[in-house]
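Submitted below is the structure of interest, expressed as structure tokens.
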Amino acid sequence: MTHVVGEACIGCKYTDCVALCPVECFHEGPNFLVINPEVCIDCGVCVAECPVEAIFDEKDLPEDQREYVELNVRLAQNWPLITSSKEPMPEADEWADKSSKREHLVEMV
């Protein structure tokens, strides 16, 4: 099993999780972060650091977000590695409480 970044990250991109990751498994897209499951060691330290609760152990991922397993795998192959924290997106606080954000995910770098 691995950890998966889910829908809540879209539009926010808080990077508190990145600074704690011992193996550098996060990749950054235009408005979303993903975890490379090939690198993730399933330590779980990132889960508690996410202010919008967007990171799940794969087995705990809500059923309506199962597509994010494949999205994390696919997008981690194309997006650049992110290894340190940076400021969240300017509208992060506005996006934090929104739901049904999948249509807003920008997959191109």
For this session: Verify whether one side chain among D42 and H3 offers a donor that lies under 3.5 Å from an acceptor in the other.
Result: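 Yes, because at least one side-chain N or O of D42 sits under 3.5 Å from a partner of the opposite role on H3.
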
For this session: Apply side chain to side chain contact (heavy atoms under 4.5 Å, CB included) to the pair R102 and Q65, showing each step before the final yes or no.
Result: CA-CA 9 Å; R102 172 62 177 95; Q65 293 191 48; over 6 Å; no

Problem set entry | Gap between atom SG of C17 and atom CG of L33 - 0.5 Å precision | 5.5 Å

Problem set entry | Heavy-atom check, side chain of C12 versus side chain of F32, under 4.5 Å |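 No - every pair of side-chain heavy atoms lies 4.5 Å or more apart.
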
Exercise. Given side chains that start at C-beta, do those of P22 and V45 come closer than 4.5 Å, heavy atoms only?
Worked result: yes

Exercise. Does H27 reach the side chain of L75, with side-chain heavy atoms less than 4.5 Å apart?
Worked result: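 No, their side chains stay 4.5 Å or more apart.
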
For this session: Identify whether W95 and I55 are in the same connected component of the hydrophobic contact network (ILVMFWY, side-chain heavy atoms under 4.5 Å).
Result: no

For this session: List for me each residue that meets side chain to side chain donor-acceptor pair (under 3.5 Å) alongside R66, sequence neighbours excluded, and say none if there are none.
Result: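 Partners of R66 by the side chain to side chain donor-acceptor pair (under 3.5 Å) criterion come out as none, since no residue qualifies.
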
For this session: May I ask you to test the T15-P88 pair for a side-chain heavy-atom distance under 4.5 Å?
Result: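 No, every pair of side-chain atoms sits at 4.5 Å or beyond.
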
Exercise. With the 4.5 Å side-chain cut-off for hydrophobic clustering, are V39 and V69 part of the same group?
Worked result: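 As far as the 4.5 Å side-chain criterion goes, V69 and V39 are not connected within one cluster.
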
Problem set entry | Atom CD of E67: over 12 foreign heavy atoms under 6.0 Å | yes

Seminar exercise, completed: Using a 4.5 Å side-chain heavy-atom cut-off and chaining through intermediate ILVMFWY residues, the residues clustered with Y14 come out as V52

Exercise. Are any of the side-chain heavy atoms of E58 and C40 separated by less than 4.5 Å?
Worked result: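 They are not in side-chain contact.
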
Exercise. Side chains of Y68 and V5: closer than 4.5 Å at any heavy-atom pair?
Worked result: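 Heavy-atom side-chain distance check fails, nothing below 4.5 Å.
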
Exercise. Does the side chain of L81 reach to within under 4.5 Å of the side chain of F26, using non-hydrogen atoms?
Worked result: no

For this session: Please indicate whether E87 has more than 12 foreign heavy atoms, meaning atoms of other residues, nucleotides or ligands, lying under 6.0 Å from its CD.
Result: no

For this session: Please lay out, stage by stage, how E91 and K101 fare under the test salt bridge (charged side-chain N to carboxylate O under 4.0 Å, His left out).
Result: CA-CA 14 Å; E91 318 81 30; K101 299 193 278 185; over 6 Å; no

Exercise. Side-chain contact, heavy-atom cut-off 4.5 Å: R74 with E107?
Worked result: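 SC-SC contact between R74 and E107 confirmed.
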
For this session: Give, for atom CG of D16 and atom SG of C46, the distance between the pair rounded to the nearest 0.5 Å.
Result: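 Those atoms lie 11.5 Å apart.
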
Problem set entry | Hydrophobic cluster identity match, V73 and L61, side-chain contacts under 4.5 Å | no

Exercise. Which atoms form the tightest heavy-atom contact between V34 and N72, and what is the distance?
Worked result: CA-OD1, 3.5 Å

Exercise. Say you draw a straight line from OG1 of T2 to CD1 of I41; how long is it, rounded to the nearest 0.5 Å?
Worked result: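 Here the interatomic distance stands at 10.0 Å.
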
Exercise. So, the side chain of K13 versus the backbone of P30: is there a donor-acceptor pair under 3.5 Å, distance only?
Worked result: yes

Exercise. Listed by chain and number, what are the side chain to side chain donor-acceptor pair (under 3.5 Å) partners of D57, not counting sequence neighbours?
Worked result: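 D57 satisfies side chain to side chain donor-acceptor pair (under 3.5 Å) with no other residue.
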
